[in-house]
Trainee: 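First the structure, then my questions, so here it is.
All heavy atoms count here, side chains included; hydrogens, waters and symmetry mates do not.
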Amino acid sequence: MRLILSIMALWGLMGVSHAQSATAALENCLLPREMQEAVASKGVVAPASAVITARRQVPNADVLRASLCRSNDDLVYVIMALQKNGRIVQVTIDGPSGRVKSVH
């Protein structure tokens with residue numbers, strides 16, 4: 001139920017064009033097994049590390065989703081967080097380094 005409310009908030013508060021760009025960011029995501037393989041090969045930081053980094057960028061927010069996705073030739077974590085005011089924030093973390101690339 002919370003996910004449904006979050007999606008509705010995403011569309012309502014961020015506008016359709018921004019919601020479409022957030023959805024587009026999640027289109028090229030790895031399957032869970034592929035993510036495990038990328039972490040095991042030490043090609044990317046662990047998902048928990050990426051989530052911790054995102055939480056530092058968006059304090060007091062609930063992480064809704066953390067996905068490892070392809071962006072051009074890079075692997076990035078796309079982390080969606082729900083702030084207390086209902087705003088959805090997308091944090092993009094560079095997979096190999098674990099550094100923040102963007103916050104929208």
Trainee: Show your reasoning for whether side-chain hydrogen bond (donor to acceptor under 3.5 Å, both in side chains) applies to Asp74 and Ser71.
Mentor: CA-CA 5 Å; Asp74 300 325; Ser71 174; 5.8 Å; no
Trainee: So which atom in Arg87 and which in His104 form the shortest heavy-atom distance, rounded to 0.1 Å?
Mentor: NH2-C, 3.8 Å
Trainee: Please answer whether the main-chain N or O of Cys69 pairs with a side-chain N or O of Ser67 as donor and acceptor at a distance below 3.5 Å.
Mentor: no
Trainee: Is any side-chain heavy atom of Lys101 closer than 4.5 Å to a side-chain heavy atom of Val91?
Mentor: no
Trainee: Show the numbers, then the answer: is there a side chain to side chain contact (heavy atoms under 4.5 Å, CB included) between Ile79 and Thr92?
Mentor: CA-CA 6 Å; Ile79 300 172; Thr92 305; over 6 Å; no
Trainee: Working to the nearest 0.5 angstrom, can you tell me the gap between Asp62 CG and Gln83 CD?
Mentor: 10.5 Å
Trainee: Side chains of residues 46-60: which donor-acceptor pairs under 3.5 Å do they make with residues two or more places apart or in other chains?
Mentor:
{"unit_1": "Thr53", "atom_1": "OG1", "unit_2": "Ser49", "atom_2": "O", "d": "3.0"}

Trainee: With rounding to the nearest 0.5 angstrom, report the CE to CG distance, Met35 to Leu30.
Mentor: 7.0 Å
Trainee: Suppose we screen for side chain to side chain contact (heavy atoms under 4.5 Å, CB included). Which residues come up paired with Ser41, at least two apart in sequence or across chains?
Mentor: none
Trainee: Is there side-chain contact between Arg70 and Glu27, with at least one heavy-atom pair below 4.5 Å?
Mentor: no
Trainee: Which heavy-atom pair separates Tyr77 from Val39 by the least distance, and what is that distance?
Mentor: OH-CG2, 3.8 Å
Trainee: Roughly how far, to the nearest 0.5 Å, is the CD1 atom of Ile93 from the CG atom of Leu68?
Mentor: 11.5 Å
Trainee: Find the distance between CD (Gln36) and CG (Leu31) and round it off to the nearest 0.5 Å.
Mentor: 10.5 Å
Trainee: Mind checking the CG-CG spacing from Asn72 to Leu75? Nearest 0.5 Å is all I need.
Mentor: 11.5 Å
